[in-house]
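Because the structure is a prediction, the values reported are computed rather than measured.
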Amino acid sequence: MSDMNSELEVGAITYAGNDEDDIRRRVHKALNGAEAHQLTWFQRLSAVVIVLSIVLAILATEPAISSSLGPIGPAFELAFITFFATEYGLRLWAAGADPRYSGVLGRIRYALTPIALLDLASILPYFAGWGTQSFLVRLLRLFRLLALSRLVRYSAAMQLVLRSVFERRHELLFSVSLAGSVILLSAAALYSVEADVQPEAFGSIPRALWWSVSTLTTVGYGDVVPVTVLGRLFAGITALSGIGLIAMPTGILSAAFSEAFRAKRDFKQRGAPGSPSRDEGLRRLE
């Protein structure tokens, strides 16, 4: 009888464990989806709540709208933070359904992933977003817009764009570094030839940086212009350099997007299960 009771107890414990694992898998499926390009009901609800929270965060920066909302605004904010905090806790708990994040150390690894850190960063400012309108509070409130990044996990196109940018990160970093070098050199050149004539605009390299940035990006506000011959010569060189520097990352990204979408299209049209082309397409998309 004792052995039978022990067996029943063990069986009950085993069943409870399986039941908990089954619930965890169901929650994980609801949070992350099971099929590509198809959102679960919870993902649709989360996307709606994210958009509503962004709209409220934008409207709250207008004093007239914020005062007209009265206590309704803080009530909605409390509802949003409760939803997001609950979702974050569920994601942390359900991450154990993935073998990569099982156990305590696995949960820590999941919490340190970029998408989980973005989730946490979009939640924390709510706790400091109420009260005085100090500069720090306003700055923290801007981080509420990070909730928009949570929509990335629900869009295959967004994920494809981010993957393309990541694959071309070295080329993009080079173009950004080159643009920064040209901005600094042009600011130093204008400081050298225009500082005595226009000390308010070009009296130092930091002052000249504003002109350099607006000229290199082909914006050209016209609020600050060089008046000397050498200054105008350097300004022309800077403006012409800006055309090429702006086109460089554009070409890099367009090539990356074209390659990524072509690989995805080929994978859908010609990739048969188990075929080499399908496996190669999977490796390129992962």
Side-chain angles (χ1 to χ4, degrees), residues 37 54 58 114-115 117-118 121 142-143 145-146 148-195 197-198 200-270 280-286:
H37 312 295
I54 295 299
I58 294 174
I115 192 66
L117 291 175
L118 282 174
L142 291 178
F143 280 91
L145 300 180
L146 286 175
L148 190 62
S149 62
R150 297 159 63 93
L151 292 174
V152 173
R153 60 157 52 94
Y154 303 144
S155 174
M158 289 184 183
Q159 295 177 9
L160 195 62
V161 168
L162 292 178
R163 190 178 299 117
S164 301
V165 173
F166 180 77
E167 290 177 353
R168 295 294 189 273
R169 62 190 183 278
H170 299 298
E171 295 90 336
L172 292 174
L173 181 60
F174 170 75
S175 62
V176 171
S177 301
L178 184 60
S181 300
V182 174
I183 288 174
L184 185 60
L185 289 175
S186 62
L190 265 294
Y191 161 72
S192 300
V193 298
E194 294 281 336
V197 182
Q198 300 185 78
E200 297 83 4
F202 301 99
S204 65
I205 293 180
R207 294 182 186 179
L209 280 175
W210 163 248
W211 169 89
S212 182
V213 170
S214 62
T215 303
L216 193 67
T217 55
T218 68
V219 176
Y221 284 110
D223 54 343
V224 177
V225 293
V227 295
T228 63
V229 176
L230 286 178
R232 292 179 178 180
L233 176 63
F234 283 125
I237 296 175
T238 303
L240 292 175
S241 301
I243 298 175
L245 290 176
I246 294 300
M248 184 182 301
T250 304
I252 294 172
L253 289 177
S254 62
F257 294 159
S258 177
E259 180 181 353
F261 282 107
R262 183 173 60 252
K264 185 176 181 180
R265 184 178 60 253
D266 294 343
F267 169 74
K268 286 184 176 181
Q269 294 178 352
R270 300 196 302 269
E280 182 181 358
L282 278 172
R283 285 194 298 268
R284 295 178 68 180
L285 292 176
E286 291 179 351

Could you report the tightest heavy-atom contact between [X] and [Y], atom names first, then the distance?
X      : Y      : value
Leu172 : Pro249 : CD2-CB, 4.0 Å
Gly251 : Ser254 : O-OG, 2.9 Å
Trp211 : Thr238 : CH2-OG1, 4.1 Å
Ala235 : Thr215 : O-CG2, 4.2 Å
Ala256 : Arg168 : CB-CG, 3.5 Å

Working to the nearest 0.5 Å, report the span between [atom1] of [X] and [atom2] of [Y].
X      : Y      : atom1 : atom2 : answer
Leu209 : Ser204 : CG    : OG    : 8.0 Å
Ser186 : Leu216 : OG    : CG    : 6.5 Å
Met248 : Glu171 : CE    : CD    : 11.0 Å

- [ ] Measure from the side-chain N and O atoms of Ser212 to the backbone N and O of Ala208, and report whether any donor-acceptor pair falls under 3.5 Å.
- [x] no
Open item on the list: In the structure I gave you, are the side-chain heavy atoms of Leu190 and Pro226 within less than 4.5 Å of one another anywhere?
Closed with: yes
Open item on the list: In the structure I gave you, are the side-chain heavy atoms of Val193 and Val229 within less than 4.5 Å of one another anywhere?
Closed with: no
Open item on the list: Holding to side-chain hydrogen bond (donor to acceptor under 3.5 Å, both in side chains), I want the full list of residues that pass it with Thr228, two or more places apart in sequence or in another chain.
Closed with: Glu194
